[in-house]
Amino acid sequence: MDKYEKVFELAKRRGFLWNSFELYGGSRGFYDYGPLGSTLKRRIEQTWREFYVIQEGFMEIECPTIGIEDVFIASGHVGGFSDPLCECMNCKEAFRADHLVENVMEAAGTLSAEDLTKVIKENDIRCPECGGEFGDAYEFNLMFKTTIGPGTGRQGYLRPETAQGMFVDFQRLSRFYRDKLPFGAVQIGKSYRNEIAPRQGVIRLREFTQAECEIFVDPRNKKHPNFERFADKELVLYSQKGQEKGESFRMTVREAVKAGVIAHEVLGYNIALTNEFLTKVGIDPAKLRFRQHLKDEMAHYAIDCWDAEIETDRFGWVEIVGIADRTDYDLKAHARVSKTELYVYVEYDEPKMVTRFVVKPNMGKLGPVFKGKAKAVADALKHLSEEELSKDEIKVTVDGEELTVSSDAVGFAEETVKVSGENVIPHVIEPSYGIDRIFYGIMEHAYDEENVAQKVAESGLKGSEEAEKEAEAGKNEGETEGEEEARLVMHFASAVAPVQVAVLPLLTRKELSDPAKNIIVKLREKTLLVNYDDSGTIGRRYRRNDEIGTPYCVTVDYDTLEDGTVTIRDRDSMRQIRAPVKGIENVLYELIYRGRAFEFAGKPFNF
RNA sequence: GCGUUGAUGGUCUAGCGGCUAUGACUUGGGCCUUCCAAGCCCAAAACCCGGGUUCAAAUCCCGGUCGGCGCACCA
């Protein structure tokens with residue numbers, strides 16, 4: 001059993017992840033988040049909001065998951081989010097049609113399926129596997145299609161990413177932020193891709209959750225106002241050059257930007273922010289790196305792109321976040337398709353006096369000559385250069401027709417005007433998170449099997465002599481019989497643990513369960529996620545809570561009734577302290593949210 | 001999508017033509033129990049779906065679904 005299998009077995013058993021539609025035999029590429037999984041995922045998202053919405057100030061928006069065709073024509077998904085496939089008629093193997101013709105011609109990637117079919121036929125390209133003939137090439141689009149409204153309706157697509165919503169709402173967002181760069185917006189939600197062969201559990205899904213942030217910045221200024229915050233933070237970078245050597249290296253954000261490894265400050269800041277977030281939710285820093293996209297891997301319009309990758313037991317390095325400088329590509333694309341200019345007016349520090357050559361068509365003369373076309377002629381004149389306009393007979397082209405305008409119908413002037421700003425198409429910096437993959441990464445990195453006897457000795461639980469003896473005994477047993485007591489524990493960060501506190505009466509008796517329930521009420525008032533469990537021995541219940549990653553257990557015993565104190569037990573160290581019931585909710589809140597050290601939350605206690 | 005391999009209680013598994021389907025853990029109820037899963041009693045719980053072969057199918061054959069792996073794919 002590898003770690004993936006173990007994690008999945010636990011995830012299934014404990015209500016984190018289930019195959020969807022299991023009752024009906026299931027369907028590939030879909031997973032249900034069970035009660036604990038759903039809670040864990042929501043807390044990951046909530047932590048993400050704390051970073052991006054609350055700290056960075058990029059407000060969250062919510063757009064439909066169904067989009068109309070124009071949106072995805074502009075984004076390139078209708079044309080480009082598909083692959084031309086071609087199957088061998090003999091052995092049924094499928095190939096990328098454009099890859100097949102690459103040797104025969106250039107720019108194969110731009111050909112349509114029909115053209116590719118033609119090229120394959122003309123050049124008699126055969127199956128590289130068996131030499132069989134190919135069938136027609138066809139486009140396989142990764143977007144789910146649907147129809148909006150009844151009848152012929154309107155073509156709609158399930159969005160393949162949340163990002164387009166922020167681009168489509170660009171003007172509204174700009175106005176909301178009072179047209180002042182930089183600004184940004186985020187969206188957390190479902191996206192859909194009709195993957196050909198989804199696999200690897202939750203790593204590749206047909207319906208998945210993204211958290212995306214689009215930061216609109218002035219293209220002339222990619223310094224970050226808060227750069228110092230992370231400037232000296234050391235990151236593990238796997239740059240283009242590093243990949244040539246197959247070596248990642250550690251470098252501070254400041255150095256990386258200075259050395260040009262990372263393109264600019266805004267990108268550097270966001271990579272560091274991602275690092276911060278992932279560490280906070282429980283990704284193991286030792287299994288995290290930032291890999292730069294290679295030149296041929298990067299979208300043609302992108303300036304620089306880095307993926308956060310985590311190391312997994314079975315799948316190796318897996319991409320979980322992409323952070324890219326997408327330039328003005330998306331806004332320009334939507335501007336073109338929607339025929340609406342998308343820009344932000346940026347004021348200069350000082351207004352500039354600009355002298356320019358201005359064309360003033362004389363409509364009184366143009367009108368009678370060109371009649372209905374006069375307006376178009378006047379517009380065309382405005383676009384001509386000074387040189388062309390200074391000729392006696394000025395030639396303009398209107399609707400493909402060449403017309404001649406006599407120079408006396410056109411006036412010129414040199415004007416000096418005050419210009420106080422200009423229109424700028426912002427560049428977009430896009431951190432894009434795959435929440436489901438992060439979820440899996442957290443599960444795998446949190447998973448641990450521990451030797452209990454050893455653990456007990458280490459943590460000084462029980463008298464030290466006794467513990468050492470037991471540890472020895474445990475070792476000997478282990479060597480001879482191969483059977484050690486293993487503790488299965490999920491070391492979830494308390495920021496995301498789906499259960500934060502378990503309250504346990506030492507024995508299943510009313511005089512203990514009543515005070516336990518009173519404590520639960522107090523904890524819930526502090527909005528802590530609390531479990532109550534009185535079934536089985538106390539040890540069994542500690543183990544149950546270890547398995548679902550509950551950071552702290554509170555145990556009510558007979559001393560509680562006498563002196564008003566309870567035991568708090570720490571999941572990771574298995575150590576215990578004694579603290580008063582009065583104010584217990586504040587102590588736990590501090591432990592969970594304020595990172596207060598366990599040792600200082602109460603009096604150390606051994607049984 | 002192609003190939004290959006598998007599918008038995010919640011989980012892991014035994015059985016591989018002749019069962020009322022094995023066992024462990026888990027779970028529920030009760031007893032016991034003063035801090036790290038192990039005591040006692042009781043209980044619940046499974047042959048992926050659809051065809052076929054056979055007197056008889058969890059077991060053999062075919063198709064499907066789902067999972068693993070390889071190839072292809074992963075803007």
Side-chain angles (χ1 to χ4, degrees), chain A residues 1-2 4-6 8-15 18-30 72 75-88 90-96 99-100 109 127-130 138 140-143 160-161 193-201 203-205 297-300 302 314 318-319 322 324 450 452-453 455-456 459 461-462 470 483 485-489 504-509 512 535-547 553-561 566-569 571 574-576 578 605-607:
Chain A
M1 243 201 195
D2 67 6
Y4 171 84
E5 255 179 298
K6 287 175 174 175
F8 245 95
E9 188 269 321
L10 182 134
K12 247 194 286 189
R13 196 158 44 80
R14 288 302 194 180
W18 297 323
N19 291 311
S20 293
F21 317 116
E22 220 177 358
L23 180 61
Y24 291 100
S27 181
R28 282 208 277 182
F30 298 97
F72 300 116
S75 71
H77 286 100
V78 168
F81 199 57
S82 61
D83 296 315
L85 292 184
C86 199
E87 271 175 42
C88 169
N90 181 37
C91 70
K92 303 291 177 202
E93 188 82 37
F95 295 89
R96 280 279 296 270
H99 290 179
L100 288 171
C127 173
E129 291 293 317
C130 71
Y138 58 92
F140 183 84
N141 194 295
L142 274 337
M143 282 195 294
E161 60 176 27
R193 294 179 193 180
N194 205 357
E195 297 285 352
I196 299 171
R199 235 181 239 187
Q200 310 177 327
I203 304 287
R204 255 170 89 202
L205 294 167
E297 175 183 13
M298 218 174 340
H300 65 275
R314 184 184 282 192
V318 173
E319 172 199 349
E450 292 175 349
V452 177
K455 188 88 194 170
V456 168
S459 60
L461 195 88
K462 297 193 175 169
E470 283 186 24
E483 235 183 84
E485 190 197 333
R487 179 172 84 121
L488 234 179
V489 53
L504 319 165
L506 186 60
L507 302 172
T508 317
R509 290 191 186 145
L512 294 181
S535 156
T537 64
I538 188 70
R540 177 185 294 270
R541 283 175 278 159
Y542 284 153
R543 290 292 198 280
R544 267 205 280 256
N545 277 287
D546 288 340
E547 250 188 49
C553 292
V554 171
T555 304
V556 175
D557 58 21
Y558 281 98
D559 289 344
T560 309
L561 305 181
V566 289
T567 304
I568 305 176
R569 181 252 194 193
R571 176 196 65 202
M574 294 172 74
R575 273 197 288 258
Q576 309 192 91
R578 203 74 194 175
F605 202 77
N606 287 334
F607 289 95

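A note on names: the letters A, B, ... follow the listed sequences, proteins ahead of strands, and every chain is numbered from 1. This is a predicted model, so every value here is computed, not measured. Reckoned from all heavy atoms, side chains included, excluding hydrogens, waters and symmetry mates.
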Applying the Watson-Crick and G-U wobble criteria at under 3.5 Å, what pairs with B:U53? Answer none if nothing qualifies.
none
Would you mind reading off the distance between A:R14 atom CZ and B:U11 atom P, rounded to a whole angstrom?
13 Å
Taking pairing as Watson-Crick or G-U wobble with both contacts under 3.5 Å, can you name the mate of B:U22, or confirm there isn't one?
none
Between A:D2 and A:E5, is there a donor-acceptor pair closer than 3.5 Å when you use the side chain of the first and the backbone of the second?
yes
Return the nucleotide paired to B:A58: Watson-Crick means purine N1 to pyrimidine N3 with N6-O4 or O6-N4, wobble means G-U with N1-O2 and O6-N3, both under 3.5 Å.
none
Separation of atom CZ in A:R28 from atom P in B:C73, rounded to whole Å:
17 Å
Please tell me if A:S535 has a side-chain N or O lying less than 4.0 Å from either OP1 or OP2 of B:G28.
yes
Do A:Y542 and B:C35 share a donor-acceptor pair, side chain to base, under 3.5 Å?
yes
Would you classify A:R199 as touching base, sugar-phosphate or nothing, given that sugar-phosphate means primed atoms plus P, OP1 and OP2, and contacts are heavy atoms under 4.0 Å?
base
What nucleic acid atoms does A:T537 come within less than 4.0 Å of, heavy atoms only: base, sugar-phosphate, or nothing?
sugar-phosphate
Which heavy atom of A:T555 sits nearest a heavy atom of A:T560, and at what distance?
O-OG1, 4.4 Å
side-chain N/O A:R544 vs B:A37 OP1/OP2, d < 4.0 Å:
no
Which value, in whole Å, describes the distance between the C1' atoms of nucleotides B:G18 and B:U11?
31 Å
Under 3.5 Å donor-acceptor pair, A:D557 side-chain atoms to B:C35 base atoms
yes
Verify side-chain contact (heavy atoms from CB on, under 4.5 Å) between A:L205 and A:F30, making sure each step is shown before the conclusion.
CA-CA 6 Å; A:L205 294 167; A:F30 298 97; 5.9 Å; no
Think A:R13 has a side-chain N or O under 4.0 angstrom from the OP1 or OP2 of B:U11?
no
For a quick check of understanding: with a heavy-atom distance under 4.0 Å over all strands, which category does A:R578 fall into, base, sugar-phosphate or nothing?
base
Complementary nucleotide of B:G70, counting Watson-Crick and G-U pairs under 3.5 Å
B:C2
Distance alone, cut at 3.5 Å: any donor-acceptor contact between the side chains of A:Y558 and A:R509?
yes
Should the side chain of A:R569 and the base of B:C35 be counted as holding a donor-acceptor pair, with the cut-off at 3.5 Å?
no
Contact nearer the 5' end of RNA chain B, comparing A:E9 with A:G201
A:E9
Separation of B:C35 P from A:R575 CZ (nearest whole Å):
20 Å
Between B:U8 and B:U59, how far is it from one C1' atom to the other, in whole Å?
11 Å
What residue among A:R571, A:R14, A:R487 forms salt bridge (charged side-chain N to carboxylate O under 4.0 Å, His left out) with A:D546?
A:R487
Separation between the C1' atoms of B:G28 and B:G9, rounded to whole Å:
15 Å
Taken to the nearest whole Å, CG/A:N545 to P/B:A37 is 14 Å
Which part of the nucleic acid, if any, lies within reach of A:T508 when heavy atoms closer than 4.0 Å are counted: base, sugar-phosphate only, or nothing?
base
Taking atom P in both B:G64 and B:U26, what distance in whole Å separates the two?
41 Å
Would you mind classifying the nucleic acid contact of A:R543 as base, sugar-phosphate or nothing, using non-hydrogen atoms under 4.0 angstrom?
base
Atom of A:P160, atom of A:H77 and distance for their closest heavy-atom approach
CG-CD2, 3.6 Å
Partner nucleotide of B:U33 by Watson-Crick or wobble geometry (both distances under 3.5 Å):
none
Where each residue is assigned the nucleotide of RNA chain B containing its nearest heavy atom, which of A:E547 and A:N19 is assigned the position nearer the 5′ end?
A:E547
Can you measure A:L506 atom CG to B:C36 atom C1' for me and round it to whole angstrom units?
11 Å
Check the side chains of A:R578 and A:T567 for a donor-acceptor pair under 3.5 angstrom, ignoring hydrogens and angles.
yes
To the nearest Å, how far apart are A:D546 CG and B:A37 P?
10 Å
Tell which nucleotide pairs with B:C16, taking only Watson-Crick or G-U wobble pairs whose two distances are both under 3.5 angstrom.
none
Can you tell me the base-pairing partner of B:A38? Count Watson-Crick or G-U wobble geometry only, both distances below 3.5 Å, and say none if there is no partner.
none
Pick the P atom in B:A38 and in B:U27, then give their distance to the nearest Å.
10 Å
Distance between P atoms of B:G39 and B:A24 (Å, rounded)
12 Å
Rounded to whole angstrom, note down the P distance from B:U54 over to B:C41.
49 Å
Just how far, in rounded Å, is C1' of B:A46 from NZ of A:K12?
14 Å
For B:G51 versus B:U5, give the span between their C1' atoms, rounded off to a whole number of Å.
23 Å
Closest nucleotide among B:C35, B:C69, B:G1 to the A:R314 side chain:
B:C69
Using a cut-off of less than 4.0 Å, is there contact between a side-chain N or O of A:R540 and OP1 or OP2 of B:U27?
yes
Considering every strand and a 4.0 Å limit on heavy-atom distances, what is the contact class for A:Y4: base, sugar-phosphate, or nothing?
sugar-phosphate
Whether the side chain of A:R541 engages the backbone of A:P505 through a donor-acceptor N/O pair (distance < 3.5 Å, no angle test) should be reported.
yes
Starting at CZ of A:R204 and ending at P of B:C73, how long is that distance when rounded to a whole Å?
11 Å
